[in-house]
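These notes are about the structure you will find just below.
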Amino acid sequence: MGQLTVRALRVVLAVVLAGTLFVQASMAWVLVSGNDPEDGSLALTAMRVIAILGMVPVQVALVCVWRLVAMVRRGTVFSDAAFRYVDGVIGSIVAVSLVWFAVTGVNAPGQRDDPGVTLIMGGIGVAILGVALIVLVLRMLLAQAVARDVEATRMQAELNEVI
């Protein structure tokens, strides 16, 4: 991975992390301060709490990707240590889908006249779970690559002994 690519990705990750922290702080401030422009309706308050909690798995995924990028740069991504971060990304994606389903549930009563919106939102939640499955498949590919790397190292050591 090139130096420019790593730096650009880290800038993007840092900006997104700062953005999620800003959203959390803003939502928490509105809840705590009582300066709610919408007069604290129950659905909006629930959405704000969901937004605050929903940023946590995003932040976890950002940190995991940061660590994986560091491993790629060092050339150590094909090791057992990488699985912890890939599992963190998978768990974060599943958590985001659960948060999305919570948003769908809170939003559903307001969509009685147009239930298609709720169905579309549910479909988006299922699509998010699909992304988690894709990352799980990529994790399995990483596991195969690590196993082959270990096997190649073992065979190289045996070959060196023979020579």
Checklist line | Separation between CG of Leu133 and CD1 of Ile93, rounded to the nearest 0.5 Å | finding: 9.5 Å
Next item on the list: Flag the pair Met71 / Ser79 as yes when at least one side-chain heavy-atom distance between them is below 4.5 Å, and no otherwise.
Entry: yes
Checklist line | Atom pair CG (Leu9) and CG (Leu13), whose distance is rounded to the nearest 0.5 Å | finding: 4.5 Å
Next item on the list: Establish whether Val89 and Met140 are linked, either directly or via other cluster members, by ILVMFWY side-chain heavy-atom contacts under 4.5 Å.
Entry: yes
Notebook entry, point to check: If you round to the nearest 0.5 Å, how far is CD of Gln144 from CG of Leu141?
Noted result: 5.5 Å
Check: Is the backbone N or O of Ile124 less than 3.5 Å from a side-chain atom of Trp100, with the two atoms forming a donor-acceptor pair by type?
Finding: no
Next item on the list: Check the surroundings of atom CZ in Phe101: do more than 12 heavy atoms from other residues, nucleotides or ligands lie under 6.0 Å from it?
Entry: yes
Checklist line | Residue list, salt bridge (charged side-chain N to carboxylate O under 4.0 Å, His left out) with Glu161, at least two apart or on another chain | finding: none
Next item on the list: Hydrophobic side-chain clustering at under 4.5 Å (ILVMFWY, transitive links): who's grouped with Val49? Put none if nobody.
Entry: Val23, Met27, Leu31, Ile52, Leu53, Met55
Notebook entry, point to check: CG of Asp87 to CZ of Arg139: how many Å apart, nearest 0.5 Å?
Noted result: 4.0 Å
Next item on the list: Taking the side chain as every heavy atom from C-beta outward, state whether Val60 and Tyr85 have any atom pair closer than 4.5 Å.
Entry: no
Next item on the list: Any chance you could measure Leu129, atom CG, to Leu136, atom CG, to the nearest 0.5 Å?
Entry: 12.0 Å
Next item on the list: Mind checking salt bridge (charged side-chain N to carboxylate O under 4.0 Å, His left out) for Asp149 and listing every partner two or more places apart, or none if nothing turns up?
Entry: none
Notebook entry, point to check: Taking C-beta and beyond as the side chain, do Asn160 and Gln156 meet within less than 4.5 Å on heavy atoms?
Noted result: yes
Next item on the list: State, to 0.1 Å, how close Val6 and Val69 come at their nearest heavy-atom pair, and which atoms those are.
Entry: CG1-CG1, 3.9 Å
Notebook entry, point to check: Where is the tightest heavy-atom contact between Ser92 and Ala61, given as atom of each residue plus distance?
Noted result: OG-N, 3.5 Å
Checklist line | Test item: Asn107 and Val117 side chains (from C-beta on) under 4.5 Å apart, heavy atoms | finding: yes
Next item on the list: Tell me whether Val56 is reachable from Val99 by hopping between hydrophobic residues (I, L, V, M, F, W, Y) whose side-chain heavy atoms are closer than 4.5 Å.
Entry: no
Next item on the list: With sequence neighbours excluded, tell me which residues meet side chain to side chain donor-acceptor pair (under 3.5 Å) with Arg84.
Entry: none
Note to self: Looking at every heavy atom in both Ser97 and Gly125, which two are closest together, and how far apart are they?
What the structure shows: CB-O, 3.8 Å
Note to self: Any heavy-atom pair between the side chains of Thr104 and Thr118 that's under 4.5 Å?
What the structure shows: yes
Notebook entry, point to check: When Ile, Leu, Val, Met, Phe, Trp and Tyr are grouped by side-chain heavy atoms lying under 4.5 Å apart, directly or through other members, which residues fall in the same group as Val32?
Noted result: none
Notebook entry, point to check: Going hydrophobic residue to hydrophobic residue with side-chain gaps under 4.5 angstrom, can you get from Val12 over to Val72?
Noted result: yes
Checklist line | Stepwise side chain to side chain contact (heavy atoms under 4.5 Å, CB included) test for Leu62 and Val16 | finding: CA-CA 8 Å; Leu62 291 169; Val16 173; 3.6 Å; yes
Checklist line | salt bridge (charged side-chain N to carboxylate O under 4.0 Å, His left out) partners of Arg154, counting only residues at least two apart | finding: Glu151, Glu158
Item checked: Atom CZ of Arg7: over 12 foreign heavy atoms under 6.0 Å -> no
Next item on the list: Flag yes if Leu21 and Val58 sit in one hydrophobic cluster, no otherwise; membership is Ile, Leu, Val, Met, Phe, Trp, Tyr, and two members link when side-chain heavy atoms are under 4.5 Å apart.
Entry: yes
Check: Is there a path from Ile120 to Val131 through hydrophobic residues (I, L, V, M, F, W, Y) whose side chains come within less than 4.5 Å of each other?
Finding: yes
Check: Side-chain contact, heavy-atom cut-off 4.5 Å: Phe83 with Val146?
Finding: yes
